[in-house]
Amino acid sequence: MTHPLEELREAALAEISAAPNEQTLEAARVRYLGRNGSISAWSERMKSLSKEEKPIVGKLLNQARSAVTAALEETQEKLRAAKEARALAELDISLPGTPNEIGSLHPLTQMLDRGIAIFRRMGFALAEGPDVEDEWHCFDALNTPPDHPARAEQDTFYLPDNRLLRTHTSTVQIRTMEAAPPPIRVIAPGAAFRRDEVDATHSAQFHQIEGLYVDKRVSVADLKGTLEFFLRELFGPETGVRFRPHYFPFTEPSFEIDVKSKTLKSGEAWIEVCGCGMVHPAVFEEVNRARGDAAYDPEKWTGFAFGLGMDRLAMILFDIPDIRLFAQNDLRFLRQFA
Ligand code: PHE
């Protein structure tokens, strides 16, 4: 004859192994092993049993408990594995993933970064100034008199209060010298603005790297060496670099620089990329006047300055046919530089 506890155990084991899901399994656990469960009830009942019965029932009770506990664990594990297998079966790992659109730097930013890196290797520090300027920083301090054509309204964007959008980054030469005595060795990358007729090579906004180097006995040879090194780092050691005499009010002598390189699409053509020259003594004098001292004594200090056209350099380097592409935000264009 089987003991009721054994029957209870067998019923529990059958129910547990047939449990279709975790909820049914948990219900079975509560029913048999929970505080008010039917197996647990036998512990209570033990107290009222006779001395002879106690060890027999005690043993059966322990067996029932451990068998049911083991069965619960086993079934639990089986259900968990089955659930995982189902989830995996529903997952199509051959589906394409959700693409993550990663941005990249604008080609002009890349060009400026390259340029800055080369000048930093030569010891140039970074300087900056505002896009919205006054006439003094943009013209007067740069030895450009009121009747100069650059100051006319058809060339320059004026604001109602007579301030203007700087027409070149040379303004930062003045701001740098106002702020600190010589020696100076800075570059100032940034935007410049002119009321040009917009076409494939002219844009109302363009970008320059301005350079200013003031020290004792700085000569045209230093200017030439610095800019030749820069351009050959950028375009390769075989690059032709040509200095043409030119005129700027704030430098004397002044030059324009052309480059040509067989490795470039432009091939045999000379392309103008830079204006430069030796800082005009009148610029030093005006800075002294503004500073109220004689820090920039033109008898003691000399310097060179340059303004590199960065849009032009980027167009040459990356073979870009139209300057307007830089500002149109066309992803088909921008993605080519990602
Ligand atoms: N500011 C001049 C321009 O924009 C370039 C230049 C800079 C020339 C410094 C000489 C010295 O054309």
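For ligands, and for the atoms within them, numbers begin at 1 and follow the listed sequence.
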field: Main-chain N/O of A192 paired with T169 side-chain donor or acceptor, under 3.5 Å
entry: no
query: Does any N or O atom in T167 lie less than 3.5 angstrom from one in ligand 1, N or O only?
result: no
message: Pairs of nitrogen or oxygen atoms closer than 3.5 Å, one from S170 and one from ligand 1: do any exist?
response: yes
task: With heavy atoms of T251 as the reference, note each atom of ligand 1 found under 4.0 Å away.
output: 10 (C), 11 (C)
query: Numbering the atoms of ligand 1 from 1, which are under 4.0 Å from a heavy atom of Q173?
result: 9 (C)
query: Quick check, are the ring centers of F157 and F193 under 6.0 angstrom apart?
result: no
task: Assert yes or no for the condition that the ring centre distance of F306 to F119 is strictly below 6.0 Å.
output: yes
message: Test side-chain contact (heavy atoms from CB on, under 4.5 Å) on F326 and M315; report intermediate values, then the result.
response: CA-CA 10 Å; F326 287 132; M315 288 170 78; 3.7 Å; yes
- prompt: If hydrogens are left out, which of G309, A150, G275, G307 has an atom nearest to atom 8 (C) of ligand 1, that is, the closest non-hydrogen atom?
  reply: G275
task: Nearest heavy atom to atom 9 (C) of ligand 1 wins, so pick from R194, R166, M278, E210.
output: E210
E228 atom CD, neighbour heavy-atom count above 12 within 6.0 Å: yes
task: Check the surroundings of atom CZ in R163: do more than 12 heavy atoms from other residues, nucleotides or ligands lie under 6.0 Å from it?
output: no
task: Would you kindly specify which portion of F306 sits under 4.0 Å from ligand 1, judged on non-hydrogen atoms: side chain, backbone, both or neither?
output: backbone
Approximate separation, where rounding is to 0.5 Å, of I118 CD1 and D113 CG: 11.5 Å
query: Applying a strict 4.0 Å limit to heavy atoms, is S254 in contact with ligand 1?
result: no
- prompt: Can you find a non-hydrogen atom of F250 under 4.0 Å from ligand 1?
  reply: yes
